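Fair warning: this is a prediction, and the values are worked out from it, not measured in the lab.
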Amino acid sequence: MTLTTLSLLLVLTLVFVGLAAAGILWAIRNGQYDDMEGPAQRILMDDDDPMIPFNRLKQNAATHKITQNAEERSTPSADTNQ
């Protein structure tokens, strides 16, 4: 191989590495790697499945709300004691 060929291959390698790095940085900045499991599981599972992260959050919020409402009903208010 000649020096010209090696120089051309080195430049092409640097260009491809730069393009790959730019693509990876773009994907990270645009949130492509934020939720790796959710979309894949969402396709396979039912909408009411508690294993789906969004449904788990909804279920926990609903459980917390039910518990909070039950606690409010079980504690006597100041108005009922008069």
> Taking atom CG of L25 and atom CG of N30, what is their separation to the nearest 0.5 Å?
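One finds 11.0 Å between CG of L25 and CG of N30.
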> Hey, could you give me the CG/CD1 distance between L19 and I24, rounded to the nearest 0.5 Å?
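Rounded to the nearest 0.5 Å, the CG-CD1 separation comes to 11.0 Å.
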> Taking atom CG of D34 and atom CD1 of I28, what is their separation to the nearest 0.5 Å?
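Here the rounded value is 10.0 Å.
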